[in-house]
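Source: prediction; values computed, not measured.
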Amino acid sequence: MNTLEKCVRILTLLSDVSTGMNISEISARLNIPLSTVYRYSSELKRHRLLEQDKNMGTYRLGTKILELASGVAKSGLRDIALPFMEQLSRKTGETVILSGLSGHNGICLEKVEGHHALRVSWERGAIFPLHAGASGKALMAHLSEAEQDEIIEQVDLTKFSETTITDRARLKRELRKIKAQGYGESDGEVIPGTYGIGAPILSLTGRIIAVLSVSAPTQRQENEEYQRMIQLVIKTAGEISKSCGRTLCNK
C-alpha cells in the first residue's frame with residue numbers, strides 16, 4: 001500500500017467522523033501501524049488537510065479540504081446562489097455579494113448590483129481581509145479556533161477606518177458573537193460610509209461554504225428596514241445552504 005493510498009484512506013475515514021478521531025482509533029480502523037498514522041497525520045496537518053484538537057488530541061478534516069473542494073464547487077455554487085441573490089436584491093434594492101475563502105483572505109465569487117443610483121459595488125475576484133467587514137468576519141467566525149488563531153497571528157490586522165477591529169482579543173469576542181447570532185455586521189469597517197450584513201452558507205455537516213451579504217450606503221441604514229434586511233439575509237443564506245445540500249458543495 002503506497003503513501004498516497006494511506007493518506008487518502010485517512011482523509012476518507014475522517015470525512016465520515018464529525019467529532020474527529022485520535023491516532024490509535026485511526027490506526028485500529030485502518031489497520032495501519034501507529035507510527036505510520038502519526039507520521040502521515042502530521043504531514044497532512046502541516047498542509048492544513050487535517051487539523052488537530054490540542055485538548056482532545058483528535059484529528060479531523062482541515063480547511064484546506066474546503067479550499068480544494070471549492071475549486072470544484074464554485075461554479076455550481078454560483079449557479080445555485082444566483083437566483084436567490086437576484087431575489088434578495090429585488091427585495092432590498094441593494095447589492096448582494098457571494099464570498100468564499102481564499103487562503104487567509106476572502107474573495108468575491110459573485111455579485112448582483114442593487115437598483116439604487118447610489119450603491120456599494122464589488123468586483124468579482126476581489127480579495128478582501130477576514131478581520132474587517134461583514135463578509136470577512138462571517139467567514140472567519142465559522143472556521144475552527146485553530147484556523148482563526150492562525151489567521152490572526154499571521155496577517156496584519158490593518159485599520160481601514162475608525163470602526164475596524166484591530167485588537168485580537170476583541171476580534172475573537174466579535175467572532176464568537178457572530179457565530180452565536182448567525183450573522184455578521186459591519187459599520188464602515190472597510191469602506192467608511194457603508195454598512196454590510198453577512199450570513200453563512202453552511203454544508204450539511206456545518207462547515208462554512210461561503211457567505212451571503214448585502215452592502216449599502218450608511219445613509220439607508222434605517223432601523224426598521226435594517227432589521228428586516230438582517231432577517232432576509234439569514235433566510236436567503238439558509239435557503240442556499242439547503243440547496244447546496246443536494247450538490248457538490250457538501251462533497
request  = Report the C-alpha distance between I107 and L101 in whole Å, list the side-chain angles of each, state the deciding distance to 0.1 Å, and finish with yes or no for side chain to side chain contact (heavy atoms under 4.5 Å, CB included).
outcome  = CA-CA 6 Å; I107 183 170; L101 287 166; over 6 Å; no
message = Between Y40 and T3, is the side chain to side chain donor-acceptor pair (under 3.5 Å) condition met? List the steps.
response = CA-CA 8 Å; Y40 291 164; T3 298; 3.1 Å; yes
request  = Please report the C-alpha distance between T163 and S161 in whole Å, then the side-chain angles of each, then the deciding distance to 0.1 Å, and finally whether the side chain to side chain donor-acceptor pair (under 3.5 Å) criterion is met.
outcome  = CA-CA 5 Å; T163 57; S161 73; 3.1 Å; yes
request  = List the steps and the verdict of side chain to side chain contact (heavy atoms under 4.5 Å, CB included) for K45 and E51.
outcome  = CA-CA 5 Å; K45 178 184 172 184; E51 60 186 36; 5.9 Å; no
request  = Start with the C-alpha gap between R9 and I32, add the side-chain angles, then the distance that decides, and say whether side chain to side chain contact (heavy atoms under 4.5 Å, CB included) holds.
outcome  = CA-CA 10 Å; R9 290 185 68 198; I32 299 175; 4.3 Å; yes
Side chain to side chain contact (heavy atoms under 4.5 Å, CB included) assessment of M140 paired with I152 = CA-CA 10 Å; M140 192 173 175; I152 292 171; 3.3 Å; yes
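Linking Ile, Leu, Val, Met, Phe, Trp and Tyr whenever their side-chain heavy atoms come within less than 4.5 Å leaves I178 and L139 in two separate clusters. Linking ILVMFWY side-chain heavy atoms closer than 4.5 Å, directly or via other members, places M56 and Y38 in two distinct hydrophobic clusters. Cluster membership for L44 and L34, using ILVMFWY side-chain heavy atoms within less than 4.5 angstrom, is shared. V8 and I10 fall into different hydrophobic clusters, defined by Ile, Leu, Val, Met, Phe, Trp and Tyr side-chain heavy atoms under 4.5 Å apart, directly or through other members.
We find that E239 and K235 are joined by a salt bridge, their nearest charged nitrogen and carboxylate oxygen being less than 4.0 Å apart. Ion pairing between E185 and K137 fails under the 4.0 Å rule for side-chain N and carboxylate O. Using a 4.0 Å cut-off between charged nitrogen and carboxylate oxygen, K111 and E113 count as a salt-bridge pair.
The two residues S99 and L109 have their closest heavy-atom pair at C-CD1, 4.0 Å. Smallest separation of non-hydrogen atoms from L98 and A210: CD1-CB, 4.0 Å. The two residues M85 and I97 come nearest to each other via the heavy atoms CE-C, 4.0 Å. Taking every heavy atom of both residues into account, F160 and E189 meet most closely at CB-O, 3.3 Å. Minimum interatomic distance between C244 and I201 (heavy atoms only, all atoms of both residues): SG-CG2, 4.4 Å. Closest heavy-atom contact between S135 and S213: OG-OG, 2.8 Å.
Separation of atoms CG (L212) and CD1 (I234) is listed at 11.0 Å; rounding is to 0.5 Å. Rounding to the nearest 0.5 Å gives a distance of 8.5 Å between CD1 of I151 and CG of N105. D149 contributes atom CG, which lies 11.0 Å from atom CG of L143 (distance to the nearest 0.5 angstrom). Taken from CZ in R176 to CG in L171, the straight-line distance is 10.0 Å, to the nearest 0.5 Å. Once rounded to the nearest 0.5 Å, the distance linking CG of L11 with NZ of K6 reads 14.5 Å. Distance OH/Y59 to CG/D53: 11.0 Å, rounded to 0.5 Å.
In terms of modelled atom types and a separation under 3.5 Å, the side chain of S203 and the main chain of R207 share a donor-acceptor contact.
Looking only at side-chain heavy atoms (C-beta outward), I127 and S102 come within less than 4.5 Å of each other. Residues Y183 and P200 are not in side-chain contact: their nearest non-hydrogen atoms beyond the backbone lie 4.5 Å or more apart. Looking at L30 and V37, their side chains never come closer than 4.5 Å, going by heavy atoms from C-beta outward. You'll find the side chain of H131 stays beyond 4.5 Å of the side chain of I165, heavy atoms only. Side-chain atoms of T158 and T164, non-hydrogen and from C-beta on, never get closer than 4.5 Å to each other. With contacts defined as side-chain heavy-atom distances shorter than 4.5 Å, the pair L14/R60 does not qualify. Side-chain contact between M229 and L232 is absent, with no heavy atoms from C-beta onward closer than 4.5 Å. Within the 4.5 Å cutoff, the side chain of L202 has no heavy atoms near those of the I209 side chain.
The 12-atom threshold is not exceeded at CD of E162, counting heavy atoms of other residues, nucleotides or ligands nearer than 6.0 Å.
A side-chain contact (heavy atoms from CB on, under 4.5 Å) with L82 is found for one member of I240, V96, V112, L77 and no other, namely V112.
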